[in-house]
Chemist: 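Take a look at this one; I'll ask things after.
In the text below, chain A, chain B and the rest are named by the order of the sequence lines, each starting its count at 1.
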Number of protein chains: 2
Amino acid sequence: MQCCDKALNGQAMPTSVASALDDAGGVRGLMRRIPAEAKLKRVAGLHQSLADHTRLKILWALSNMDLCPCVLKVIADVSDSKLSYHLKVLESARLIKSRRTRNWRIYSITNEGEKALAP
Amino acid sequence: MQCCDKALNGQAMPTSVASALDDAGGVRGLMRRIPAEAKLKRVAGLHQSLADHTRLKILWALSNMDLCPCVLKVIADVSDSKLSYHLKVLESARLIKSRRTRNWRIYSITNEGEKALAP
DNA sequence: ACTGCACTTCAAATTTGTTTGAAACCACAA
DNA sequence: TTGTGGTTTCAAACAAATTTGAAGTGCAGT
């Protein structure tokens, strides 16, 4: 079986696939329903930021209360620089944000961050 | 300022953090509200599987219809082996599944996969 | 100015994930 | 049986993310 789609140039394929593809307007029709490359890359990057258990732990902690690195360090059980690295990843992804007080820095979760934890 | 929590062993910290922490039952109380390590690792792994634009494109395509690798290859615009690699990652994560027909393999999205695409 | 503390940055080492092309596999047809 | 098309597997090359420990920054108190 083959599909009439020009982009496939006579490529053989299962009958069921060929007809579903024709119904959808061929490869071009299907591709119109897929988010643009730029958006896919953005979403992929977001998932990348969440693809680490230490970062997820930090995010969960901050979903309960604002915290300074000194406490996050104990909770995540990591070294200072490691913590700092992960905080930076999360902050670049805008999942958390931070502010300064006298002696400390205080991190808090953003709306984006909250959404990322939602089931 | 410091928190009465023993796990912090006299660690200095912002007043606001100390009181929020005490209210939550200290570090132990806070940690009880954070999913277990095993679950965090599982979720992190799921995000890792989604942290690639090619895989997201495949997932979106399959959310529209079942497809064979020969068509996915055109849609994702990648080599055979590259496609196969990404399909394997998605299938191991149970975001997609596959079945055999006569000459072809047909991939389809799972419920998990659908959920992963939902906003 | 000097010190100590909280935290971040840096660059090198390490680990992990991805890409590549060649080879293998598998079902079917000739 | 041999050939062919569709697909997967493999190992090596490559790229990207993470870890490490040392050095650096900036703020307060002395």
Side-chain angles (χ1 to χ4, degrees), chain A residues 1-3 8-18 41 44-58 66-93 96-107, chain B residues 1-3 8-18 41 44-58 66-93 96-107:
Chain A
M1 187 59 192
Q2 68 178 73
C3 169
L8 289 165
N9 203 229
Q11 165 70 59
M13 69 185 69
T15 323
S16 61
V17 171
K41 284 187 178 160
L46 190 59
H47 282 297
Q48 176 65 42
S49 306
L50 294 164
D52 181 285
H53 68 107
T54 298
R55 290 198 289 270
L56 289 177
K57 190 179 279 188
I58 291 169
D66 294 0
L67 290 166
C68 52
C70 56
V71 175
L72 284 168
K73 176 181 150 82
V74 173
I75 289 169
D77 189 29
V78 293
S79 67
D80 284 345
S81 66
K82 197 167 169 178
L83 177 66
S84 222
Y85 168 74
H86 288 298
L87 287 172
K88 203 165 93 168
V89 171
L90 288 169
E91 194 164 22
S92 320
I96 65 174
K97 58 188 197 293
S98 69
R99 60 183 190 275
R100 284 186 161 293
T101 63
R102 291 186 192 293
N103 289 316
W104 295 278
R105 185 173 282 272
I106 298 186
Y107 283 91
Chain B
M1 189 58 193
Q2 69 177 71
C3 169
L8 289 166
N9 203 232
Q11 165 70 57
M13 69 186 68
T15 323
S16 61
V17 171
K41 283 187 177 160
L46 190 60
H47 282 296
Q48 175 64 42
S49 307
L50 294 164
D52 181 285
H53 68 107
T54 299
R55 291 199 288 270
L56 288 177
K57 191 179 278 188
I58 291 169
D66 294 1
L67 290 167
C68 53
C70 56
V71 176
L72 284 169
K73 174 181 150 82
V74 173
I75 289 168
D77 188 31
V78 292
S79 68
D80 284 344
S81 66
K82 196 166 168 178
L83 177 65
S84 224
Y85 168 74
H86 287 299
L87 287 173
K88 203 166 89 168
V89 171
L90 288 170
E91 195 164 24
S92 321
I96 65 175
K97 57 190 198 293
S98 69
R99 58 184 190 275
R100 285 185 161 293
T101 63
R102 290 185 193 293
N103 288 318
W104 296 277
R105 185 173 282 272
I106 297 186
Y107 282 92

Chemist: Using a cut-off of 4.0 Å on non-hydrogen atoms, how would the nucleic acid contact of A/Arg102 be classed: base, sugar-phosphate, or nothing?
Modeler: sugar-phosphate
Chemist: So what does A/Asn103 hit on the nucleic acid, given a heavy-atom distance under 4.0 Å: a base, only sugar-phosphate, or nothing?
Modeler: sugar-phosphate
Chemist: Roughly how many Å is it from CG in B/Leu72 to P in D/dT7, rounded to a whole number?
Modeler: 9 Å
Chemist: Any heavy-atom pair between the side chains of B/Gln11 and A/Val74 that's under 4.5 Å?
Modeler: no
Chemist: What is the distance, rounded to the nearest whole Å, between atom CH2 of B/Trp104 and atom P of D/dT8?
Modeler: 14 Å
Chemist: Can you tell if the side chain of B/Ile58 reaches within under 4.5 Å of the side chain of B/Leu83, non-hydrogen atoms only?
Modeler: yes
Chemist: Report yes if some heavy atom in the side chain of A/Leu50 is under 4.5 Å from a heavy atom in the side chain of A/Leu56; otherwise report no.
Modeler: yes
Chemist: With DNA chain D as reference, determine whether B/Lys82 or A/Tyr85 sits nearer its 5' end, using the nearest nucleotide of each.
Modeler: B/Lys82
Chemist: Whole angstrom is fine here: how far is it from CG in B/Leu83 over to P in D/dT9?
Modeler: 12 Å
Chemist: Measuring to OP1 and OP2 of C/dT8, would you say a side-chain N or O of A/Arg105 lies under 4.0 angstrom away?
Modeler: yes
Chemist: Please report, rounded to the nearest Å, how far the P atom of C/dT16 is from the NE2 atom of B/His47.
Modeler: 20 Å
Chemist: Starting at CG of B/Asp80 and ending at C1' of C/dT20, how long is that distance when rounded to a whole Å?
Modeler: 12 Å
Chemist: Could you say whether A/Gln48 or B/Cys70 is positioned toward the 5' end of DNA chain D, judged by the nucleotide with the nearest heavy atom to each?
Modeler: B/Cys70
Chemist: With a 4.5 Å limit on heavy-atom distance, are the side chains of A/Asp52 and A/Val89 in contact?
Modeler: no
Chemist: Check the distance between D/dA16's P and A/Asp52's CG and give it to me in whole angstrom.
Modeler: 19 Å
Chemist: Take atom CE of B/Met13 and atom P of C/dA6, then tell me their distance rounded to the nearest Å.
Modeler: 10 Å
Chemist: What's the closest nucleotide to the side chain of A/Cys68 if the choices are C/dC7, D/dG6, D/dA22?
Modeler: C/dC7
Chemist: Are A/Arg100 and C/dA6 close enough that a side-chain N or O sits under 4.0 Å from OP1 or OP2?
Modeler: no
Chemist: How long is the line joining CD1 of A/Ile58 and C1' of D/dT18, in whole Å?
Modeler: 13 Å
Chemist: Can you tell me if the side-chain N/O atoms of B/Gln11 get under 4.0 Å from OP1 or OP2 in C/dC5?
Modeler: no
Chemist: Say whether, by atom type as modelled, one donor and one acceptor occur between the side chain of A/Glu91 and the main chain of A/Ser98 under 3.5 angstrom.
Modeler: yes
Chemist: Does a nitrogen or oxygen in the side chain of B/His86 sit under 4.0 Å from OP1 or OP2 of C/dT19?
Modeler: yes
